[in-house]
Amino acid sequence: MKVDVLLGLQWGDEGKGKIVDVLAPKYDVIARFQGGPNAGHTIEFEGRKFILRTIPSGIFYGDKINIIGNGAIVDPRILLMEIKGLQKEGFQVFNNLKISRKTHLILPTHRMLDAVYEAAKGKNKIGSTLKGIGPTYTDKVARLGIRIGDAIQPNFKEKYEKIKAAHLRIVGSYDFDPDSFILDGLSFDEYEREWMASLESLKGAESIDSEYYINNLLQQGKSILAEGAQGSLLDIDFGSYPFVTSSNTTIAGVCSGLGVAPSRIGRVFGIVKAYCTRVGSGPFPTELFDETGKKLQIQGNEFGSVTGRVRRCGWLDIPALKYAVMINGVTDIILTKADVMNNFKEIRICTQYVKNGKIFDYIPFEVNDIETELQSMEGWNCDLEGLKFDQLPINFANYIHTIEKLSGVKVSMISAGPDRNQIIWR
Ligand code: GDP
Ligand code: IMO
Ligand code: MG
């Protein structure tokens with residue numbers, strides 16, 4: 001069997017959580033391969049709404065195995081809160097959640113470092129979620145990190161204290177007072193105590209050698225869906241560096257983050273919002289600063305699912321989409337939030353960039369001072385609720401065909417609302 005992959009093709013928040021939840025019944029296993037609680041994946045069904053941070057979005061089906069892979073990173077306190085929240089709602093998370101022993105831990109001081117580095121950047125700040133993502137991946141690559149599997153070793157405390165002391169030395173070299181540092185409403189010491197207690201409680205979740213586990217399942221003919229977090233344009237290598245996250249959010253992250261060979265990759269579902277959003281700093285060529293941008297924001301409810309931060313909004317960006325399609329080998333586009341533009345008279349798509357009078361249909365190294373060439377299309381001006389693919393209004397069908405023609409990829413599913421059932425299958 002193959003591993004199918006679901007990735008965001010823009011700057012995150014494309015609706016990945018919802019689509020994983022819709023596709024999950026077709027799979028035996030759902031696995032996260034990168035990122036950490038900087039993610040917020042929303043799932044809605046039966047009038048209930050859940051936001052997942054680290055747990056794969058297959059958790060609502062009792063018969064699915066959900067794996068947090070070695071390439072992801074875990075904050076025990078945030079993960080335990082997530083587990084408890086689901087348990088309160090009647091989901092027995094521990095029965096079908098497994099965590100790779102090689103998954104790195106986000107330590108309390110990683111979060112402190114994130115805050116220190118971000119503050120030091122001043123007006124060039126990245127707009128990080130401040131969940132310790134950058135510093136944790138930094139320590140992983142520097143071979144200083146601590147993994148879940150290390151937490152049960154007798155020398156864990158010693159290792160922890162050593163790395164914490166090293167972090168505090170770095171913090172000491174900045175103009176930053178660790179004693180007045182508040183983390184999620186707690187003093188550092190309180191936070192650290194809760195963090196340690198959570199790590200202890202997480203022993204209730206099964207730790208596995210996920211690369212063996214996953215490859216064995218594939219041998220047995222089980223089907224696996226890899227769930228990406230963030231989006232391709234936030235990739236550490238291919239995103240708008242340095243305004244990116246610290247992991248490979250693109251297809252390569254699946255191989256290194258789960259231990260599966262490239263030849264095992266099957267379909268690659270690219271999740272694309274019908275327009276663009278971005279939260280945090282960094283270039284955004286099609287960003288709208290006018291009433292239309294505001295309308296997308298309000299009608300699309302474009303506020304961070306966890307932080308409530310305002311998401312910047314703009315038109316669909318084809319050069320950026322083609323780039324994400326190329327890097328990931330996307331086989332299917334799944335278009336989300338089309339319904340947000342149901343009452344738009346005119347819709348635009350950026351077909352190419354113009355920089356210094358030169359036309360680009362690719363992303364130049366320096367993504368600044370870019371102007372966009374926009375194709376105008378007539379809106380569909382009606383509700384999409386309950387429609388089948390062959391009943392789509394002509395202007396919406398035109399929008400879909402234009403995306404397919406310009407990106408070279410078939411749109412195989414459309415999401416027209418946040419609920420699990422609001423899906424138009426092709
Ligand atoms: P993710 O991080 O990619 O999983 O996306 P988020 O959950 O952060 O943000 C997507 C938001 O849009 C959530 O509030 C979803 O409930 C919502 N959503 C998902 N698909 C659709 C859709 O097709 N239409 C509308 N109106 N909302 C959607
Ligand atoms: P999901 O999985 C949208 C953005 C942050 C910031 C940059 C770096 O819900 O789509 P980090 O915390 O990683 O240091 O932040 O990346 N970012 C996201 N934006 N959706 C996400 O996840 C994001 N995760 C990180 O806003 O600009
Ligand atoms: Mg999100």
Side-chain angles (χ1 to χ4, degrees), residues 3-27 29-45 49-61 64 66-69 71-72 82 129 133 224-235 239 245 247-251 253-254 257-258 267-279 300-307 311 316 320-321 324-325 327-328 330-338 340 409 411-420 422-423:
V3 177
D4 289 345
V5 180
L6 184 145
L7 302 165
L9 298 192
Q10 295 154 318
W11 285 283
D13 301 330
E14 297 90 349
K16 298 174 292 292
K18 167 185 168 163
I19 303 299
V20 172
D21 174 68
V22 168
L23 292 176
K26 297 181 185 297
Y27 294 89
V29 178
I30 323 297
R32 278 277 305 267
F33 57 91
Q34 49 69 235
N38 47 348
H41 294 182
T42 314
I43 291 109
E44 290 193 32
F45 57 88
K49 177 171 171 174
F50 299 91
I51 297 169
L52 299 177
R53 316 287 302 283
T54 323
I55 297 176
S57 303
I59 200 72
F60 302 103
Y61 300 92
K64 308 297 171 197
N66 291 270
I67 298 176
I68 300 174
E82 201 177 331
T129 62
I133 306 299
I224 298 180
L225 179 65
E227 172 179 359
Q230 290 80 53
S232 297
L233 305 176
L234 289 171
D235 182 276
T245 190
S247 65
N248 279 120
T249 57
T250 47
I251 193 82
V254 179
L258 294 178
R267 285 170 80 176
V268 181
F269 301 109
I271 313 302
V272 180
K273 209 179 270 196
Y275 48 95
C276 282
T277 62
R278 173 164 205 168
V279 58
N301 192 24
E302 296 298 353
F303 302 92
S305 39
V306 179
T307 56
R311 295 178 185 149
L316 190 64
L321 177 58
V325 163
I327 297 288
N328 294 308
V330 173
T331 60
D332 303 72
I333 284 178
I334 298 176
L335 194 76
T336 60
K337 303 195 85 159
V340 171
V409 184
V411 174
S412 55
M413 197 196 276
I414 295 163
S415 171
D419 190 86
R420 186 186 272 178
Q422 289 171 302
I423 277 287

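One is the number of the first residue; the rest follow in order along the sequence.
For Lys337, the side-chain hydrogen bond (donor to acceptor under 3.5 Å, both in side chains) partners are Glu302, not counting sequence neighbours. For Val279, the side chain to side chain contact (heavy atoms under 4.5 Å, CB included) partners two or more places apart in sequence, or in a different chain, are Asp13, Arg309, Arg311. Asp332 meets the salt bridge (Lys or Arg N to Asp or Glu O under 4.0 Å) test with Arg267; sequence neighbours excluded. Every side-chain hydrogen bond (donor to acceptor under 3.5 Å, both in side chains) that Arg278 has, sequence neighbours left out, goes to Ser240. Shown here are the side-chain hydrogen bond (donor to acceptor under 3.5 Å, both in side chains) partners of Asn248, two or more places apart in sequence or in another chain: Asp235, Asp237. Checked against ring-ring contact (aromatic ring centres under 6.0 Å, His included), Tyr27 has no partners two or more places apart in sequence or in another chain. Remark: Phe303 engages no residue in a ring-ring contact (aromatic ring centres under 6.0 Å, His included) (not counting sequence neighbours). Residues passing the side chain to side chain contact (heavy atoms under 4.5 Å, CB included) test with Ile327 are Phe238, Thr250, Tyr323, sequence neighbours excluded. Here Gln230 pairs with Gln34, Asn38, Ala39, Leu234, Thr245, Ser247, Thr249 under the side chain to side chain contact (heavy atoms under 4.5 Å, CB included) rule; sequence neighbours left out. With sequence neighbours left out, Glu227 forms a salt bridge (Lys or Arg N to Asp or Glu O under 4.0 Å) with no residue at all. Judged as a side chain to side chain contact (heavy atoms under 4.5 Å, CB included), and not counting sequence neighbours, the contacts of Gln422 are Lys18, Glu385, Pro418, Asp419.
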Test side chain to side chain contact (heavy atoms under 4.5 Å, CB included) applied to Arg420 and Phe60, step by step | CA-CA 12 Å; Arg420 186 186 272 178; Phe60 302 103; 3.9 Å; yes

Report the C-alpha separation of Thr54 and Glu82 in whole Å, then their side-chain angles, then the decisive distance to 0.1 Å, and conclude whether the side chain to side chain contact (heavy atoms under 4.5 Å, CB included) test is met.
-> CA-CA 8 Å; Thr54 323; Glu82 201 177 331; 3.4 Å; yes

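Pairing each heavy atom of Lys16 with each of Gly8, the nearest pair is CD-N, 3.6 Å. Taking every heavy atom of both residues into account, Trp11 and Thr277 meet most closely at CB-O, 3.5 Å. Of all non-hydrogen atoms in Ser57 and Leu52, the two that sit nearest each other are CA-CD1, 3.5 Å. Pro56 and Ile67 make their closest contact through CG-O, 3.4 Å (heavy atoms, listed as atom of the first residue, atom of the second, distance).
How far CD1 of Ile423 is from CG of Asp21: 9.5 Å, rounded to the nearest 0.5 Å.
Of the candidates Val330, Asn328, Ile271, Asn328 is the only one forming a side chain to side chain contact (heavy atoms under 4.5 Å, CB included) with Leu7.
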